[in-house]
2 protein chains.
Amino acid sequence: MEPTTENEAELLAADAIGDVIEHWGFRKALGRTWTMLYLHGDALPAAELGERLQMSAGAVSTTLTELQRWGVVRKVWIPGERRDFFEAETDFWKMISKVVHERERFLAVSVRERLGRAQAVLKRTGSGAASRARIERLGRLMNFATMAETVIESFLASRRVDFGEFGNLLALGRQVTAAAAGKGRKG
Amino acid sequence: MEPTTENEAELLAADAIGDVIEHWGFRKALGRTWTMLYLHGDALPAAELGERLQMSAGAVSTTLTELQRWGVVRKVWIPGERRDFFEAETDFWKMISKVVHERERFLAVSVRERLGRAQAVLKRTGSGAASRARIERLGRLMNFATMAETVIESFLASRRVDFGEFGNLLALGRQVTAAAAGKGRKG
DNA sequence: CTGAACTTTCAGAAACTTCTGAAAGCTCAA
DNA sequence: TTGAGCTTTCAGAAGTTTCTGAAAGTTCAG
């Protein structure tokens with residue numbers, strides 16, 4: 001395929017989104033590939049993605065596998081076609097909530113556990129005012145971690161809201177607010 | 001300094017927060033160093049941080065410089081001391097809003113500009129239904145980017161609220177909601 | 001001034017991530 | 001059952017980030 005102006009425009013957009021995605025800690029290739037599929041609309045075979053994005057077959061394969069693991073790209077069956085075709089998930093909100101959820105859950109557990117262990121050690125061995133103050137600060141850190149987790153979780157819980165219209169942001173605001181405030185009072 | 005149980009506990013916590021920070025796209029050393037300072041409470045000299053965290057003088061220096069640039073660690077003057085001492089910012093909310101703001105602003109501008117350029121190219125050269133559909137999808141992507149930016153911005157705008165108490169989350173919710181809805185109606 | 005104390009900078013080392021291209025592994029039509 | 005077509009895997013290459021340790025720079029007491 002010779003380069004066309006349309007392809008240039010797609011690459012421009014794909015690279016821009018690629019940078020955003022990279023900025024948030026993923027591989028640039030993930031953002032580029034999703035964007036190319038999203039803009040194209042129709043499903044594309046892996047080889048064509050490789051051509052359009054100048055990626056090797058290997059890179060395309062691992063990237064598509066990862067995008068599917070995140071649930072933001074789907075394999076589609078095209079009758080009469082031997083090759084696999086891929087299409088982008090187009091519901092931004094669904095994508096974000098999936099990714100954030102997946103991404104935070106593991107870490108949150110591990111962090112809570114480790115901070116708790118540190119606190120136990122300090123409580124067991126520490127004495128004196130300085131030690132008490134340190135335990136207090138660690139406690140505040142743990143509270144903050146819990147609160148951040150709660151804010152993220154309730155943000156995600158609102159995924160049932162349809163985000164097609166801006167107006168629905170009102171519903172999100174209410175949900176985040178209520179969930180966070182409720183948990184906070186308990187903690 | 002021989003390793004103590006207290007130091008072990010501090011390291012445990014520092015490494016946990018270090019992982020969170022790394023997860024969000026910063027160097028692990030930034031999170032470890034901030035946490036060590038935060039838990040210690042009193043300001044510490046660079047050399048002691050190096051000992052406690054097992055970092056070279058060079059690494060400590062660049063890490064402290066970067067933490068100061070983010071505004072989450074301060075140099076403090078201790079009378080009669082020749083060395084610089086450093087202490088952690090303890091206001092979590094202040095830290096987050098500073099960091100997120102700084103981090104998003106540049107990228108947001110660049111991305112808007114590039115998506116706009118891509119759209120211009122498509123509008124100029126495209127024709128036919130497929131092309132119109134592509135332009136439409138790019139438009140949706142741009143709208144979404146604007147909305148995400150708005151949500152982040154209004155989240156940041158609420159930094160004036162005191163976050164010491166969970167109850168104040170209510171105020172945040174209201175602010176995010178109002179700002180995002182207002183902007184959305186215009187767009 | 002001078003030298004001691006301390007900090008910053010920087011070149012090269014080490015560690016880590018991501019990519020390429022080829023080989024191995026599927027799957028299906030004939 | 002074979003082989004063509006396609007995908008996945010993987011070893012090594014390339015690229016990137018971060019660290020170390022030493023040299024250069026800065027500051028200040030005497």
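So that the names make sense, note that chain A is the first sequence line, chain B the second, and so on, each numbered from 1.
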request  = Could you tell me which non-hydrogen atom of A:Ala13 sits nearest to which non-hydrogen atom of B:Leu138, and how far apart they are?
outcome  =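 Nearest heavy atoms, A:Ala13 then B:Leu138: CB-CD1, 4.2 Å.
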
ask   = So which heavy atom on A:Val76 is nearest to which on A:Phe86, and how close?
value =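 Answer, listing the atom of A:Val76 first, then A:Phe86: CG2-N, 4.4 Å.
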
Does this structure show an ion pair linking [X] with [Y], if we count only N-O contacts that are shorter than 4.0 Å?
{"X": "B:Arg132", "Y": "B:Glu136", "result": "no"}
{"X": "A:Asp15", "Y": "B:Arg114", "result": "no"}
{"X": "B:Arg52", "Y": "B:Glu10", "result": "yes"}

query = With no hydrogens and no angle check, do the side chains of B:Glu6 and A:Thr125 hold a donor and an acceptor under 3.5 Å apart?
reply =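 Side chains of B:Glu6 and A:Thr125: no pair found under 3.5 Å.
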
inquiry  = Please enumerate all residues that pass side-chain hydrogen bond (donor to acceptor under 3.5 Å, both in side chains) together with A:Glu149, with sequence neighbours excluded.
reply    =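 With sequence neighbours excluded, A:Glu149 shows a side-chain hydrogen bond (donor to acceptor under 3.5 Å, both in side chains) to A:Arg112, given in chain and number order.
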
ask   = Is any side-chain heavy atom of A:Leu141 closer than 4.5 Å to a side-chain heavy atom of B:Thr35?
value =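 A side-chain contact under 4.5 Å exists here.
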
inquiry  = I need the full list of salt bridge (charged side-chain N to carboxylate O under 4.0 Å, His left out) pairs touching residues 67-81 of chain B, with sequence neighbours left out, sorted by first then second residue.
reply    =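 Residue pairs with at least one partner in residues 67-81 of chain B: B:Arg74-B:Glu87, B:Arg74-B:Glu89, B:Lys75-B:Asp84, B:Glu81-B:Arg83.
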
message = Please list, in numerical order, the residues of residues 24-33 of chain B that have a heavy atom closer than 4.0 Å to any atom of DNA chain D.
response =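 Result for residues 24-33 of chain B: B:Arg27, B:Ala29, sorted by number.
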
task = Identify, residue by residue, the members of residues 67-84 of chain B with a heavy atom below 4.0 Å from DNA chain C, and return them in order of residue number, or none.
result =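 Those residues whose heavy atoms fall under 4.0 Å from DNA chain C, taken from residues 67-84 of chain B in numerical order, are B:Lys75, B:Arg82, B:Arg83, B:Asp84.
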
Relative orientation of the end axes in the helix from C:dC1-D:dG30 to C:dA30-D:dT1, expressed as an angle to the nearest 10° (five pairs per end) =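 Rounded to the nearest 10 degrees, the bend comes out at 10°.
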
query = Run the side-chain contact (heavy atoms from CB on, under 4.5 Å) check on B:Leu49 and B:Met55 step by step: do they pass?
reply = CA-CA 8 Å; B:Leu49 277 170; B:Met55 294 164 65; over 6 Å; no

inquiry  = For a 4.0 angstrom threshold against heavy atoms of chain A, report the outermost contacting nucleotides of DNA chain D in 5' to 3' order.
reply    =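 So the outermost contacting nucleotides come out as D:dA4 to D:dT9.
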
task = Using the side-chain contact (heavy atoms from CB on, under 4.5 Å) rule, take B:Arg32 and B:Ile21 through it: C-alpha gap first, then chi angles, then the decisive distance, then the call.
result = CA-CA 9 Å; B:Arg32 298 210 323 140; B:Ile21 256 48; over 6 Å; no

ask   = Do we get A:Arg103 above A:Trp70's six-membered ring, with its NZ or CZ under 6.0 Å from the centre and within 45° of the axis?
value =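 Relative to the ring axis of A:Trp70, which defines the angle, A:Arg103 lies outside at least one limit.
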
Spacing between A:Ile21 atom CD1 and C:dT18 atom P, to the nearest angstrom =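 That distance rounds to 14 Å.
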
